[in-house]
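Note sheet for the following structure.
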Amino acid sequence: MNPLQLCLAISSLLFCIGLAGALTRANAILVLLGVELMLNAANLNLVAFWRYGPDPEAATGVVFVLFSVAVAAAEAAVGLALVIAIHRHRRSVRLPEANVLKG
Amino acid sequence: MNLALLLVAIPLLGAAAVAMLLRNLIHSALLLVGSWAGVAAFYLWAGAEFAAFAQVLVYVGAVSMVVLFAVLLTRQGDALPPRDPSALRRAFAGLVAAGAVAAVLLKAVAATPLGADRAPSAAPALAVKQLGLRLLGDHAASLLAVGVILTVALLGAVVIASVDKPEDRA
């Protein structure tokens with residue numbers, strides 16, 4: 001297994017850890033943290049391909065990662081604000097209890 | 001070189017896995033901070049120092065603070081939440097789904113001939129000055145758009161999380 005495959009395997013495992021957390025946990029904040037782990041795994045992939053890919057433009061991979069980090073941070077802020085707003089109205093952030101629209 | 005990568009990767013994956021398993025939310029958030037620092041260490045190993053700096057500044061610095069604030073503002077006392085009866089079924093289904101995705105991804109990574117014919121070259125030499133020139137030259141429009149996204153997102157987060165009507169304060 002060459003180093004690029006090892007890096008991709010690590011990022012795949014991190015993605016699946018985040019996926020397991022996002023699917024399994026009941027607390028909305030932990031679901032958001034699982035999504036953040038998935039985004040970090042995608043960034044690991046970008047840096048791995050930047051490191052081992054052909055090198056015409058040495059900055060593109062890192063620029064991609066910077067934009068991804070910035071947008072992920074904005075998404076985390078908005079998601080956690082939504083969690084706080086839900087907690088204010090329902091005094092609970094557990095997802096199985098957030099079923100007001102359930103038919 | 002692979003040894004250094006494994007030394008970075010095993011604490012990273014271990015901290016992330018334990019963070020997703022714990023019931024105490026603050027412990028989960030702190031372990032996840034360690035996991036994000038591990039991701040920054042990976043960027044340093046790969047030679048992307050500016051990306052590591054941005055990762056530490058944004059995730060370990062800012063996002064972790066926002067997460068801890070959200071955890072502290074949504075606490076329901078010190079008692080751990082009661083175990084949902086359907087939690088075990090949901091946990092099993094989630095783990096099976098994640099395991100299936102992991103199997104597919106790892107099989108795809110192992111089976112693809114990725115750069116096997118090219119020797120592992122040295123890291124691309126990227127000076128911060130060159131990165132800055134690219135960001136403000138070729139990617140200036142994207143940079144401005146990301147600035148607008150961040151402004152709008154944070155303003156929206158403040159508006160959503162703030163108290164606007166007296167009856168919200170129940």
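Reminder, nothing fancy here: chain letters follow the sequence lines and each chain counts from 1. Values below: all heavy atoms of this structure, side chains included; hydrogens, waters and symmetry mates excluded.
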Inset, instruction - Apply side-chain contact (heavy atoms from CB on, under 4.5 Å) to the pair B:N2 and A:L6, showing each step before the final yes or no. - result: CA-CA 8 Å; B:N2 276 1; A:L6 190 55; 4.0 Å; yes
Legend entry - Under 4.5 Å from a heavy atom of chain A, the part of B:V67 involved: both
Legend entry - Contact origin within A:L82 toward chain B - heavy atom pairs under 4.5 Å: both
Legend entry - Interchain contact, B:T74 with chain A, by part (heavy-atom threshold 4.5 Å): both
Legend entry - Contact class of A:V93 relative to chain B, heavy atoms under 4.5 angstrom: both
Inset, instruction - Check the pair B:Y43, A:N43 against side-chain contact (heavy atoms from CB on, under 4.5 Å), reporting the backbone distance first and the verdict last. - result: CA-CA 10 Å; B:Y43 294 160; A:N43 290 344; 3.0 Å; yes
Inset, instruction - Examine whether an atom of A:I10 lies under 4.5 Å from a heavy atom of chain B, and if so say whether it belongs to the side chain, the backbone or both; otherwise answer neither. - result: both
Legend entry - Approximate separation, where rounding is to 0.5 Å, of A:N27 CG and B:S28 OG: 9.0 Å
Legend entry - Nearest non-hydrogen partners of B:V66 and A:A77, listed with the distance: CG1-CA, 4.4 Å
Legend entry - Heavy-atom proximity to chain A below 4.5 Å, by part of B:L13: both
Legend entry - side-chain contact (heavy atoms from CB on, under 4.5 Å) assessment of B:L106 paired with A:L13: CA-CA 8 Å; B:L106 289 174; A:L13 285 174; 4.0 Å; yes
Inset, instruction - Evaluate the ring planes of A:F67 and B:H139, with Trp represented by its six-membered ring, and classify them as parallel (under 30°), tilted (30 to 60°) or perpendicular (over 60°). - result: perpendicular
Inset, instruction - Could you list which of residues 143-150 of chain B have a heavy atom closer than 4.5 Å to any heavy atom of chain A, in residue-number order? - result: B:L143, B:V146, B:I149, B:L150
Legend entry - Portion of B:L22 that has a non-hydrogen atom of chain A nearer than 4.5 angstrom: backbone
Inset, instruction - Please name the pair of heavy atoms, one in A:L30 and one in B:M20, separated by the smallest distance, quoted to 0.1 Å. - result: O-CE, 4.1 Å
Inset, instruction - Of all the heavy-atom pairs spanning B:V109 and A:Q5, show the shortest one and how long it is. - result: O-NE2, 3.0 Å
Inset, instruction - Heavy-atom distances under 4.5 Å only: say whether B:A108 touches chain A with side chain, backbone, both or neither. - result: neither
Legend entry - Which atoms of B:V158 approach chain A - backbone, side chain, both or neither, heavy atom under 4.5 Å: neither
Legend entry - B:I160 versus A:R88, closest heavy-atom pair with distance: O-NH1, 4.2 Å
Inset, instruction - Please flag which part of B:A62 lies under 4.5 Å from any non-hydrogen atom of chain A: side chain, backbone, both or neither. - result: neither
Inset, instruction - Report the distance from atom CG of A:N40 to atom CG of B:L32, rounding to the nearest 0.5 Å. - result: 8.0 Å
Inset, instruction - Let me know if A:S11 has heavy atoms under 4.5 Å from chain B in its side chain, its backbone, both or neither. - result: neither
Inset, instruction - Please report the shortest heavy-atom distance between B:A46 and A:R51, naming the atom on each side. - result: O-CD, 3.0 Å
Inset, instruction - Enter the distance from A:L33:CG to B:L31:CG here, rounded to the nearest 0.5 Å. - result: 11.0 Å
Inset, instruction - Below 4.5 Å from any heavy atom of chain A, which atoms of B:Y59 appear? Answer side chain, backbone, both or neither. - result: side chain
Legend entry - CZ on B:R89 to OG1 on A:T24, rounded to 0.5 Å: 13.5 Å
Legend entry - B:T112 versus chain A, the contacting section by heavy-atom distance below 4.5 Å: backbone
Legend entry - Heavy-atom proximity to chain A below 4.5 Å, by part of B:L154: side chain
Inset, instruction - Tell me, for A:I29 versus chain B, whether the close heavy atoms (under 4.5 Å) come from the side chain, the backbone, both or neither. - result: side chain
Legend entry - Part of A:F64 lying under 4.5 Å from any heavy atom of chain B: neither
Legend entry - Heavy-atom closest pair, residues A:H87 and B:R75: CE1-O, 4.1 Å
